[in-house]
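Here's the structure, in structure tokens; my notes come after.
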Amino acid sequence: MQREPRRRTYLMCSPEHFAVEYVINPWMDTSVAVDAAAAVAQWERLRQTLVGLGHEVHTLNPQVGLPDMVFAANGAFVVDGVAYGARFKYPQRSAEAKSHQEFYETNPGWGFVAPTVVNEGEGDFAYLPDAHGGLILAGHGFRTETAAHAEAQEALGRPVVSLRLVDPAFYHLDVALAALDDANIVYYPEAFSPASRKVLAQLFPDAVVADEADARAFGINLVSDGRTVVLNTGSDALAAKLRAVGYETAQVDLSELKKGGGSVKCCVAELRH
Ligand code: ARG
């Protein structure tokens with residue numbers, strides 16, 4: 001089966017000031033050395049991979065003192081040209097929201113809805129335009145509050161399905177679930193509560209199911225254009241599984257950024273018109 005790609009618009013932010021200076025997820029360890037120059041080189045290869053696939057990539061200016069700003073997925077969640085802004089859970093990241101807001105307010109073509117409750121943007125929201133007429137999946141349990149799921153539904157006018165995350169290693173939705181195309185997902189069931197697993201099985205009977213090794217290697221933290229899935233190296237079993245169902249795979253090494261608890265998808269916000 002030849003799968004059809006759709007051209008995407010993405011927003012990224014260089015890890016020039018990337019560091020692990022605080023611990024807000026189980027992957028972060030301040031005693032492990034981080035090489036920001038290596039992080040920039042790895043990030044640049046990811047950016048080039050997306051550009052090489054024909055996608056448009058915008059960038060934000062990295063700010064001194066915001067070491068996690070490279071994880072641009074957390075800054076907002078954009079559907080149908082409207083950005084629902086982020087409000088970060090931890091004060092160490094809260095100033096990042098402003099740069100994202102400015103991007104949507106200064107570039108023509110985007111609406112912006114300010115949030116009133118904690119939510120970490122596309123880190124905890126995914127959008128499937130062709131699933132059930134346009135469906136938002138939303139995670140809660142560690143970062144984003146359930147009240148933000150209702151707020152996102154009001155801001156974006158699409159049904160939101162709340163999913164409960166239960167394993168602190170998978171603290172954001174985007175490390176446990178990803179859209180592979182406009183209608184299907186890949187996910188790691190054990191990251192979700194039994195009830196949420198049941199919901200996912202009902203909504204996505206054809207989903208690709210990832211295993212613990214795939215999830216721990218940040219394999220699910222991927223970006224797909226509907227044909228080519230860009231994912232971290234070291235997720236070979238998942239990559240093979242995806243190729244077996246007709247996707248192409250491009251693996252990029254983001255080992256430096258994994259020290260912050262993120263990989264491909266965390267670095268890439270999708271701007272949907
Ligand atoms: N250190 C960052 C944090 O804990 C990593 C964010 C990863 N981003 C993501 N979309 N999962 O907030």
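In what follows, residues are counted from 1 in the order of the sequence shown. Counting convention: from 1, in listed order, for ligands and their atoms alike.
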Q. Under a 4.5 Å side-chain heavy-atom rule over Ile, Leu, Val, Met, Phe, Trp and Tyr, are Val70 and Val264 clustered together?
A. yes
Is Met69 reachable from Tyr104 through a run of hydrophobic residues whose side-chain heavy atoms are each under 4.5 Å from the next? yes
Per-atom filter on ligand 1: closer than 4.0 angstrom to a heavy atom of Gly123 are 10 (N)
So the atoms of ligand 1 within less than 4.0 Å of a heavy atom of Asn74 turn out to be 6 (C), 7 (C), 8 (N), 9 (C), 10 (N)
At under 4.0 Å between heavy atoms, what of Tyr90 touches ligand 1? The answer is neither
Please confirm whether the backbone N or O of Lys265 pairs with a side-chain atom of Asn221, one donor and one acceptor, at under 3.5 Å? yes
Any non-hydrogen atom of Lys89 lying under 4.0 Å from ligand 1? no
message: Under 4.0 Å between a side-chain nitrogen and a carboxylate oxygen: does that hold for Arg158 and Asp80?
response: yes
query = Any N or O on Arg93 sitting closer than 3.5 Å to an N or O of ligand 1?
reply = yes
- Task: Identify whether the distance between the nearest side-chain nitrogen and carboxylate oxygen of Arg7 and Asp225 falls below 4.0 Å.
- Result: no
### Candidate pair Glu151 and Thr116, rule side-chain hydrogen bond (donor to acceptor under 3.5 Å, both in side chains), full reasoning
CA-CA 8 Å; Glu151 196 169 63; Thr116 69; 2.6 Å; yes
Among non-hydrogen protein atoms, atom 2 (C) of ligand 1 lies closest to Asp68 OD2, 3.4 Å
- Item | Sub-3.5 Å N/O-N/O distance, Asn25 and ligand 1 | yes
closest protein heavy atom to atom 10 (N) of ligand 1 is Asp174 OD2, 2.6 Å
Counting from 1 in the order shown, the ligand 1 atoms closer than 4.0 Å to a non-hydrogen atom of Ile24 are 3 (C), 4 (O), 12 (O)
Per-atom filter on ligand 1: closer than 4.0 angstrom to a heavy atom of Arg143 are 3 (C), 4 (O), 12 (O)
Exercise. Is the shortest side-chain N to carboxylate O distance from Arg272 to Glu122 below 4.0 Å?
Worked result: yes
So, does Phe88 sit close enough to ligand 1 that a heavy atom of it is under 4.0 Å from the ligand?
no
### Message
Test side-chain hydrogen bond (donor to acceptor under 3.5 Å, both in side chains) on Thr30 and Glu21; report intermediate values, then the result.
### Response
CA-CA 6 Å; Thr30 53; Glu21 291 170 352; over 6 Å; no
The protein heavy atom nearest to atom 9 (C) of ligand 1 is Cys266 SG, 2.7 Å
Q: Find out whether the Lys NZ or Arg CZ of Arg164 is both under 6.0 angstrom from the six-membered ring centre of Phe192 and within 45° of the ring's axis.
A: no
A student checking ligand 1 against Gly261 at a 4.0 Å heavy-atom cut-off should list atoms 7 (C)
Under 4.0 Å between a side-chain nitrogen and a carboxylate oxygen: does that hold for Lys241 and Asp214? yes
Between ligand 1 and Met28, is the shortest N or O to N or O distance under 3.5 Å?
no
Closest to atom 1 (N) of ligand 1 among protein heavy atoms sits Gly260 O, 2.7 Å
